Number of protein chains: 2
Amino acid sequence: MTAGSGRVTQAQVARLAGVSQAVVSMVLNGSDSLRITPETRDRVQQVLRETGYTVDIMGRRLRGKSNQILGVFTYESVFPSGVADFYRPFLLGIEEEAEQQGFDLLLFTSGGRRDGRRRIYEAGTNRLRIADGSILLGRHNDPQELAQLVEEQFPFVFVGRRESPTGPISYVGADYVAATREVHEWLWGLGHRRIGLLSVTEENEPTLDRRAGYEAAARKHRRPPLVFLADDPAIALRQARDEGVTALLVESSAMADGILACAHDVGLTVPADLSLVVLGDADPSQQPHAHAVPSTATDWSMFRIPRHEMGVHAVRVLVELLRKPQSRQLLLPCTIHEGATAAGPSTTDSR
Amino acid sequence: MTAGSGRVTQAQVARLAGVSQAVVSMVLNGSDSLRITPETRDRVQQVLRETGYTVDIMGRRLRGKSNQILGVFTYESVFPSGVADFYRPFLLGIEEEAEQQGFDLLLFTSGGRRDGRRRIYEAGTNRLRIADGSILLGRHNDPQELAQLVEEQFPFVFVGRRESPTGPISYVGADYVAATREVHEWLWGLGHRRIGLLSVTEENEPTLDRRAGYEAAARKHRRPPLVFLADDPAIALRQARDEGVTALLVESSAMADGILACAHDVGLTVPADLSLVVLGDADPSQQPHAHAVPSTATDWSMFRIPRHEMGVHAVRVLVELLRKPQSRQLLLPCTIHEGATAAGPSTTDSR
DNA sequence: CTGAAAGCGCTTACAG
DNA sequence: CTGAAAGCGCTTACAG
């Protein structure tokens, strides 16, 4: 029934129904509908049906109204080409909860890329504003853009803890501090007394949280922190051995692969001589593609990041945020998977 | 520098710079910038920088009328929970090309479900209209809804060939007719003279296309069509054997699994006594979950459905459709994978 | 050569 | 009780 010219507008409907455009809007929004004659109302609704009218989200949004659309922004592609599927469990939760809450999801793919990365601000404009609010996702992120988002008070939730100097950021993260502490406690309970941490120089939130958890646990047992840098796994491993370390917490499974690969050369057997625990899931996208044999064959001792739940809660938090603009932070617990790379120490260390 | 109220507008910048709002817009867009005094220009740009102005995409898009949003509608969840990931390769192509063409993607998750399925029409209104046009995806589809979409001339492209009595549907599909013909030719070339087709009673487009391709090939070689119904694989297999069939085209890998499972009982070895070719990819979502051992272990002879390309072209066709409303149909070629379940016949059949 | 005015589609306060 | 008018932020045709 639509004229060929694409979209039906309220003005067109109004003309057909013989009323003013404002009346059409009122009939649609219903709230003040009592004031409109039932006949007028019916006539308008008739035309609305005949023409197949739907609101233009731009117009509505411009007026400051919600469209029931949540944005999903990722710095990389959402649907990756490799086996690596970092986003999937998050998105699964996001989709599930968006459906539950009655929101559509808008994936921001329009912007093109700079330096191989997507951008939130394109020529100075915030693309996310099409949506009512947005979920941000991904390990990479641009602190500048985050700061700007905060400054313009755009409602968004980061999946993963993030901080910004401009103000509090809403996030739903995994509680790395607590999980790392628990891993330390577990190893301590197994009898380990020299527990080390293999970390990176890069100081993003996940790394800092793991280190904080580790140091808190070490402090609790009045042990000096034994932190090694993972730049060269062989060197780090030798250092750890020389320090008498019997259990090593490792930031990522990729790192752990590196350690495992040279453990033999250093004369260490895992877990007999050295327990290895990965502080997180085996993240498939981190696996070096060069290695044909997937390291997933190793049943790593580790903790699991509740990615699906994080997605679900990110949507919930965002929806709350839309109702009441006030930053929210939520950390979800990780669960320890005992795996096969950690065991009690063979020789109990002297206290 | 922004006032607490969130956003800086062109009007605010104009006031600060002592010019009209239109001039600010012109300075920003640059095209007609020659007409503006260099001093005015500089002053405006100064204020723009100081205030940290960013364009509101809403206003701009409203002016241009296009939202640059493509819908993606699936009757099931886009991000599935199981290993089964039917949509992924399509979505990969869709995302890639949407990015190329400068469109955002809207996933329709708001509608809730009826009978476990999503719906396009919710209370008589077409939800897809929020987007400029939409891609439809999925094996399941509601003919009624399709018919209605066609009738209201909503721009959409189906991934996979579809037909509707109400009018031509735009689609990007895989050319099952040609692919099935090619498989037949290939088997004929190997020496097979009694080539059968294992099909289903359900008459959807993919099934009909495969049958059409098969029958065309059989006709070409003046052979009667040998079509068996897959309701009971054991019975079908016996029938085929009794008919002297040496090669069997099978609609899906799930069906092929069934055949393979009872081939031994019927006294047939694959491919020595019977060649089996799957008319399509092993579709993971079709695998029966009960079987612990994945049938992907079998290196099926088959043809590959160009899912990624179909996604890419669906976006292209939709974008063209938006420019010029006129239905388009596109079939992409499949490629044969020779695999391990087809070979030359052991005893050449009499002509 | 310049800048004010119209209008994109919408909602709501406000005048009749 | 009703409906016309203002305005959200923007671009561009058009009048001065």
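Values in this document were obtained by computation on a predicted structure and should not be read as measured data. Order of the sequence lines fixes the chain letters, A, B, ..., with proteins taken first and strands second; residue numbering starts at 1 for each chain.
Rounded to an integer number of Å, the gap from CD1 of A:Ile130 to P of D:dG9 is 16 Å. Separating the CZ atom of B:Arg43 from the C1' atom of C:dT2 is a distance of 13 Å, rounded to the nearest angstrom. Rounded to an integer number of Å, the gap from CD of B:Gln21 to P of C:dA5 is 12 Å. In this structure, A:Met26 places its CE atom 11 Å from P of D:dT2, rounding to the nearest Å. As rounded to whole Å, 14 Å separates atom C1' of D:dC8 from atom CG of A:Asp56. Whole-Å rounding puts the A:Gln10 CD to C:dC10 P distance at 4 Å. Rounded to whole Å, the distance from CD on A:Glu39 to P on D:dC1 is 14 Å. For the pair B:Leu28 CG and D:dT12 P, the interatomic distance rounds to 12 Å; values are reported in whole Å.
Out of C:dT12, D:dC10, C:dC10, the shortest distance to the side chain of A:Ala22 is found at C:dT12.
For D:dG7 and C:dG16, the P atoms lie 15 Å apart once the distance is rounded to whole Å.
With B:Ser170 contributing its side chain and B:Arg328 its backbone, the two residues share a donor-acceptor pair below 3.5 Å. Under the 3.5 Å distance criterion, the side-chain polar atoms of B:Ser77 are left unmatched by any main-chain donor or acceptor of B:Phe79.
No contact: B:Val19 has no heavy atom under 4.0 Å from any strand.
Salt bridge absent: B:Asp142 and B:Arg117 never bring a charged side-chain N and a carboxylate O closer than 4.0 Å.
By the 30° and 60° cut-offs, the orientation of the rings of A:Phe108 relative to A:Phe73 is tilted.
For the atom pair CD of A:Gln46 and CD of A:Glu39, the computed distance is 14.0 Å after rounding to the nearest 0.5 Å.
OP1 or OP2 of C:dT2 lies within a sub-4.0 Å distance of a side-chain N or O belonging to B:Thr37. Side-chain N/O atoms of A:Thr9 include none lying less than 4.0 angstrom from OP1 or OP2 on C:dG9. Distances shorter than 4.0 Å separate none of the side-chain N or O atoms of A:Ser25 from OP1 or OP2 on C:dC10.
Base-pair partner of D:dA4: not found among the strands shown (Watson-Crick or G-U wobble, both distances under 3.5 Å). C:dA13 makes up no base pair with any nucleotide shown, lacking Watson-Crick or G-U wobble contacts both under 3.5 Å.
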